[in-house]
J.: 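Let me begin by handing over the structure; questions about it come next.
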2 protein chains.
Amino acid sequence: MALSPVAPKAFIHHQNLVEQVAGYLTQAIIQQHFLPGERLSEVQLSRDLGVSRAPVREAARLLESRGLLISKPRRGFFVRALNAVELEDVFDLRLCLERHAIQRLTERYSVEAQRALEQQVEILCEAALGNDETRRIEEDLQFHRLMLHYAGNERLLKAFDGLTHELRLCIALITKTHDAPDTIATSHFKLLEALASGSPAACREAIDYHIGVARKFVVRGGGEPKELGSQESKR
Amino acid sequence: MALSPVAPKAFIHHQNLVEQVAGYLTQAIIQQHFLPGERLSEVQLSRDLGVSRAPVREAARLLESRGLLISKPRRGFFVRALNAVELEDVFDLRLCLERHAIQRLTERYSVEAQRALEQQVEILCEAALGNDETRRIEEDLQFHRLMLHYAGNERLLKAFDGLTHELRLCIALITKTHDAPDTIATSHFKLLEALASGSPAACREAIDYHIGVARKFVVRGGGEPKELGSQESKR
DNA sequence: CGACTGCCGACTGTCGACAGCTTTAAAAAC
DNA sequence: GTTTTTAAAGCTGTCGACAGTCGGCAGTCG
């Protein structure tokens with residue numbers, strides 16, 4: 001395992017060590033400082049971060065439940081490596097959740113929801129113009145979180161949040177998507193239009209198209225066709 | 001290097017303490033030995049179970065990710081108390097997942113899948129005749145897990161598994177459902193028929209009906225209309 | 001030259017302990 | 001008798017340590 005990726009101690013200012021470690025690990029994994037399949041040493045991590053092993057272990061379990069790490073008994077934690085099939089499955093599940101959400105949303109589309117979504121699209125467009133890829137992704141996800149929220153089922157939103165961690169991983173695994181800003185904008189405007197029309201069929205078509213585009217980006221964007229991440233650490 | 005010819009692993013209890021504690025806690029919560037909203041003391045648990053606090057903490061975090069416990073910083077872990085809205089949300093999400101699954105299943109319905117599902121319904125019917133309520137529920141869930149499995153998206157199945165923990169909680173919260181065995185049987189046979197017909201519309205109708213029945217059972221079965229579990233522990 | 005065996009280092013699983021925060025309970029003041 | 005103050009008890013968050021286990025390496029035997 002590589003030594004500390006980036007000035008780790010700066011991340012820790014005492015309030016809740018578990019969440020801080022989890023946040024640090026999440027960032028490090030998404031930014032590929034830890035490679036897929038790589039083994040994480042609890043001792044090394046605790047040394048690097050200047051904390052004991054207990055919070056590191058609990059944080060690792062947290063990330064395991066989020067699908068970013070997998071644990072092998074008596075072997076330790078490894079960075080999750082997604083293959084093409086798993087990647088397809090993630091997007092299929094996302095489609096499942098968002099189809100359901102947008103259908104519910106048509107049944108209870110409020111002025112408040114409409115305003116919030118429109119505002120978020122504006123923020124997203126602004127972010128798309130900038131250079132900060134991470135922020136663009138976060139604002140994009142936030143738009144979808146808002147949709148799920150206004151769909152009026154918090155458990156649905158929670159399920160989506162469970163997916164977002166893996167989605168970030170998917171997006172991180174492929175190299176920069178550098179899709180055009182106007183593509184992003186129109187893609188989301190279509191969703192707004194469909195919602196405004198109030199037609200379930202139009203909404204479904206819009207969300208299918210929307211996610212289909214994202215999926216295609218990810219699936220064809222990666223390097224290796226079969227395995228997006230290397231597997232076993234070969235020490 | 002095959003060791004002894006039959007199941008050597010069965011003799012070796014390689015289950016670590018975390019999983020054992022998690023299993024014990026899950027059982028205790030579902031069987032209402034810990035009431036909803038009740039606070040769980042790490043110290044007390046570790047004393048009772050004869051283990052240290054570390055595995056108890058990690059097990060608690062595991063159950064938190066499964067939605068059986070919730071943690072309040074510096075306060076500890078509490079048994080999750082579901083209110084009516086959350087309960088509706090759980091069943092709505094279940095509907096979302098199973099609709100998607102059964103639609104996928106119609107596209108790839110194999111002889112193997114059909115056989116497995118039919119066999120499971122038989123097992124379920126047999127279980128429904130007995131007195132073991134727990135086993136009946138488990139076999140019922142297993143049928144649905146099989147459906148999800150043969151739908152060909154493991155991530156979808158994983159999402160469902162995440163729900164099953166909460167489903168068991170829902171079912172545990174209401175008093176005995178004591179629904180007639182033949183009701184269970186016909187309800188599942190209808191699903192098999194719809195799948196055999198290969199019609200997506202019929203499948204969707206069947207699954208909507210199926211889950212609708214279960215939902216109605218849970219929603220009307222409970223005692224209090226608003227809060228199914230008591231809230232704050234009052235010691 | 002290849003395969004097996006025993007040893008060694010590293011690491012995980014688990015434990016007991018300490019510090020700081022929460023809550024409870026008693027004591028004091030009104 | 002009620003309210004405020006204060007002390008104590010219990011708890012969680014975190015830490016360092018120990019023991020059992022796993023993977024690798026060298027030495028040995030065929």
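Below, chains carry the letters A, B, ... as their sequence lines are ordered, and counting in each starts from 1. Just the heavy atoms: all of them, side chains too, but no hydrogens, waters or symmetry mates, feed the values below. Every value quoted in this text rests on a predicted model; they were computed, and no experiment measured them.
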J.: Can you list everything that forms a side-chain hydrogen bond (donor to acceptor under 3.5 Å, both in side chains) with B/His165? Sequence neighbours excluded, please.
T.: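 Checked B/His165 against side-chain hydrogen bond (donor to acceptor under 3.5 Å, both in side chains); zero matches.
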J.: Who pairs with B/Asp140 by salt bridge (Lys or Arg N to Asp or Glu O under 4.0 Å), at least two apart in sequence or on another chain?
T.: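 If we apply the salt bridge (Lys or Arg N to Asp or Glu O under 4.0 Å) test to B/Asp140, skipping adjacent residues, there are no hits.
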J.: Please check if the distance between the ring centroids of B/His149 and B/His144 is under 6.0 Å.
T.: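 For B/His149 and B/His144, the ring centres are not under 6.0 Å apart.
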J.: Could you give the angle between the helix axes at the two ends of the helix from C/dC1-D/dG30 to C/dC30-D/dG1, with five pairs per end, rounded to 10 degrees?
T.: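 Rounded value for the end-axis angle: 10°.
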J.: Which residues pass the side-chain hydrogen bond (donor to acceptor under 3.5 Å, both in side chains) test with B/Gln44, sequence neighbours left out?
T.: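 Applying side-chain hydrogen bond (donor to acceptor under 3.5 Å, both in side chains) to B/Gln44 gives none.
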J.: Please list residues of residues 64-71 of chain B whose heavy atoms come under 4.0 Å from any atom in DNA chain D, ordered by number; otherwise none.
T.: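 None - not one residue of the stretch has a heavy atom sitting under 4.0 Å from the strand.
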J.: Could you tell me how far apart A/Leu45 (CG) and D/dC15 (C1') are, to the nearest whole angstrom?
T.: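 Checked: the CG to C1' distance equals 17 Å.
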J.: For B/Asp161, enumerate each residue passing the side-chain hydrogen bond (donor to acceptor under 3.5 Å, both in side chains) test, keeping only those at least two apart in sequence or located in another chain.
T.: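 If we apply the side-chain hydrogen bond (donor to acceptor under 3.5 Å, both in side chains) test to B/Asp161, skipping adjacent residues, the hits are B/Arg145.
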J.: What integer distance in Å separates A/Leu17:CG from C/dG20:P?
T.: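 Checked: the CG to P distance equals 14 Å.
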J.: Can you tell me the distance, in whole Å, between the CD atom of B/Glu19 and the C1' atom of C/dT14?
T.: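 Rounded to whole Å, this separation is 15 Å.
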J.: I'd like to check the salt bridge (Lys or Arg N to Asp or Glu O under 4.0 Å) partners of A/Glu64; sequence neighbours left out, ordered by chain and number.
T.: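 Result, salt bridge (Lys or Arg N to Asp or Glu O under 4.0 Å) vs A/Glu64: A/Arg61.
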J.: Does C/dT14 have its OP1 or OP2 closer than 4.0 Å to a side-chain nitrogen or oxygen of B/Ser52?
T.: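 Result: no.
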J.: Which residues pass the salt bridge (Lys or Arg N to Asp or Glu O under 4.0 Å) test with A/Asp89, sequence neighbours left out?
T.: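 Applying salt bridge (Lys or Arg N to Asp or Glu O under 4.0 Å) to A/Asp89 gives none.
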J.: Return yes if a side-chain donor-acceptor contact under 3.5 Å exists between A/Asp92 and B/His100, otherwise no.
T.: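 Side-chain D/A pair, A/Asp92 to B/His100: present.
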J.: Could you tell me how far apart B/Gln20 (CD) and C/dT14 (P) are, to the nearest whole angstrom?
T.: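 After rounding, the reported distance stands at 8 Å.
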J.: Mind listing the side-chain donor-acceptor pairs of residues 115-127 of chain A below 3.5 Å, one per line with the distance, residues two or more places apart or on another chain?
T.:
unit_1: A/Glu118; atom_1: OE2; unit_2: A/Gln114; atom_2: NE2; d: 3.4
unit_1: A/Gln120; atom_1: NE2; unit_2: A/Glu139; atom_2: O; d: 3.1
unit_1: A/Gln120; atom_1: NE2; unit_2: A/Glu139; atom_2: OE1; d: 2.8

J.: Can you pull the salt bridge (charged side-chain N to carboxylate O under 4.0 Å, His left out) pairs that have at least one residue in residues 150-159 of chain A, sequence neighbours excluded?
T.: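 Matches after skipping sequence neighbours: A/Arg155-B/Glu166.
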J.: Can you name the residues that form a salt bridge (Lys or Arg N to Asp or Glu O under 4.0 Å) with B/Glu86, not counting sequence neighbours?
T.: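 B/Glu86: salt bridge (Lys or Arg N to Asp or Glu O under 4.0 Å) contacts with B/Arg80.
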J.: Tabulate atom names and distances for all N/O pairs under 3.5 angstrom spanning the protein and nucleotides 8-12 of chain D.
T.:
unit_1: D/dT12; atom_1: OP1; unit_2: B/Glu42; atom_2: N; d: 3.3
unit_1: D/dT12; atom_1: OP2; unit_2: B/Glu42; atom_2: N; d: 3.3

J.: Give the rounded distance in Å between these two atoms: CZ of A/Arg61 and C1' of D/dG13.
T.: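 Roughly 18 Å, once rounded to whole Å.
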